Amino acid sequence: MNGHLLSALPAALDAERFETLARSGGGRVERIVSHGQASPPGFWYVQDEDEFVLLVSGEAELGFDDGKRLMLTPGAWAWLPAGCRHRVERTAAGTDTVWLAVFFGAA
C-alpha cells in the first residue's frame with residue numbers, strides 16, 4: 001500500500017478529519033487535517049496510547065495541563081506519552097494544517 005500524505009486533502013470543514021493510513025499490531029498511523037479548528041473549551045485529550053505527532057504543513061499550537069504551550073510549524077514534532085493531558089489550542093485558519101500521528105500500543 002502507498003500514497004501521498006498531501007494528496008486528496010479534504011476541503012475546509014467544520015471539524016478536523018482523521019484518516020487511518022496504516023494499522024499493525026498495537027499501533028496505527030493517522031493523517032489529521034485541520035482548517036482553523038481548536039479543542040473545545042475545557043476539553044483535554046487523554047489517550048491510552050503513546051503518540052508521536054509531526055506537523056507536515058500549516059501551523060498549530062498544543063496546550064498542556066501544566067500551562068505549557070508548544071508551537072508547531074512544518075517539520076516540528078512532539079512526543080505525547082500515554083496519559084498526557086493535551087489539547088489543540090489553535091490551528092492555522094485559511095490553510096491546510098496536516099498532521100502525521102503515530103500511535104503505539106495501549107499503556
Side-chain angles (χ1 to χ4, degrees):
M1 187 170 158
N2 63 2
H4 193 286
L5 196 61
L6 299 177
S7 68
L9 295 175
L13 304 168
D14 291 338
E16 289 180 305
R17 168 84 51 88
F18 297 82
E19 178 185 0
T20 299
L21 302 176
R23 182 183 303 272
S24 181
R28 73 182 185 285
V29 178
E30 289 184 352
R31 176 177 77 172
I32 305 166
V33 181
S34 309
H35 295 98
Q37 285 86 11
S39 299
F43 174 85
W44 294 96
Y45 288 99
V46 184
Q47 300 164 166
D48 293 334
E49 304 160 294
D50 294 329
E51 178 183 4
F52 172 88
V53 64
L54 168 71
L55 199 77
V56 177
S57 68
E59 187 176 279
E61 185 175 4
L62 296 178
F64 300 90
D65 68 350
D66 63 1
K68 292 182 182 174
R69 290 187 175 215
L70 178 62
M71 175 63 81
L72 297 173
T73 56
W77 60 270
W79 176 255
L80 305 169
C84 173
R85 287 172 47 96
H86 65 285
R87 53 182 279 111
V88 177
E89 294 292 342
R90 67 173 195 80
T91 60
T95 190
D96 296 321
T97 296
V98 179
W99 316 68
L100 181 69
V102 181
F103 297 88
F104 299 89

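None of the values given here were measured: they were computed from a predicted structure. Position 1 is the first residue of the sequence, and the numbers go up from there.
A donor-acceptor pair under 3.5 Å links the side-chain atoms of Arg87 to the main chain of Pro40, judged by distance alone. In this structure a side-chain-to-backbone donor-acceptor pair under 3.5 Å is missing from Asp96 to Val98. Side-chain atoms of Thr91 never come within 3.5 Å of backbone atoms of Ala60 as a donor-acceptor pair (strictly under, hydrogens ignored).
In this structure, Val29 is a member of the same hydrophobic cluster as Leu5, with clusters built from ILVMFWY side-chain heavy atoms closer than 4.5 Å. Following chains of ILVMFWY side-chain contacts shorter than 4.5 Å, one cannot reach Val33 starting from Val53, and the two form parts of different hydrophobic clusters. Hydrophobic cluster membership is shared by Leu55 and Ile32, with clusters built from Ile, Leu, Val, Met, Phe, Trp and Tyr side chains linked at under 4.5 angstrom.
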Result block: side-chain N/O donor-acceptor pairs under 3.5 angstrom for residues 72-79, not counting sequence neighbours:
none

Report all side-chain donor-acceptor pairs from residues 18-25 shorter than 3.5 Å, counting only partners two or more places apart or in another chain.
{"unit_1": "Glu19", "atom_1": "OE1", "unit_2": "Arg31", "atom_2": "NE", "d": "3.3"}
{"unit_1": "Glu19", "atom_1": "OE1", "unit_2": "Arg31", "atom_2": "NH2", "d": "2.8"}

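The distance from the CZ atom of Phe64 to the CZ atom of Arg85 is 12.5 Å, given to the nearest 0.5 Å. Note that SG of Cys84 is 10.0 Å distant from CG of Asp50, once rounded to the nearest 0.5 Å. With rounding to the nearest 0.5 Å, the separation of CG in Leu80 from CZ in Phe103 is 8.5 Å.
Residues that satisfy the side-chain contact (heavy atoms from CB on, under 4.5 Å) test with Ala93, not counting sequence neighbours, are absent from this structure. For Arg90, the salt bridge (charged side-chain N to carboxylate O under 4.0 Å, His left out) partners are Glu59, Glu61, not counting sequence neighbours. The ring-ring contact (aromatic ring centres under 6.0 Å, His included) test applied to His86 returns Tyr45, not counting sequence neighbours. Looking at residues two or more places apart in sequence or on another chain, you find no side-chain hydrogen bond (donor to acceptor under 3.5 Å, both in side chains) involving Thr97. The salt bridge (charged side-chain N to carboxylate O under 4.0 Å, His left out) check on Glu30 picks up Arg28, with sequence neighbours excluded. By the side-chain hydrogen bond (donor to acceptor under 3.5 Å, both in side chains) test, Gln37 pairs with no residue at all, sequence neighbours left out.
Side-chain contact between Arg69 and Leu62 is absent, with no heavy-atom pair separated by less than 4.5 Å. Between Ser34 and Val88, every side-chain heavy-atom pair lies at or beyond the 4.5 Å cut-off.
The salt bridge (charged side-chain N to carboxylate O under 4.0 Å, His left out) contacts involving residues 2-12 comprise nothing, where partners must be two or more places apart or lie in separate chains. Listed by first and then second residue, the side-chain hydrogen bond (donor to acceptor under 3.5 Å, both in side chains) pairs that reach into residues 2-13 come to none, sequence neighbours excluded.
Thr95 and Gly58 get closest at one heavy-atom pair: CG2-CA, 4.4 Å. A pairwise comparison of heavy atoms in Pro10 and Arg17 identifies CB-NH1, 3.5 Å as the closest pair.
Residues Val46 make up the rest of the hydrophobic cluster containing Trp44, defined by ILVMFWY side-chain heavy atoms closer than 4.5 Å, directly or through other members. Residue Met71 is found outside any hydrophobic cluster, as its side-chain heavy atoms come under 4.5 Å of no other Ile, Leu, Val, Met, Phe, Trp or Tyr.
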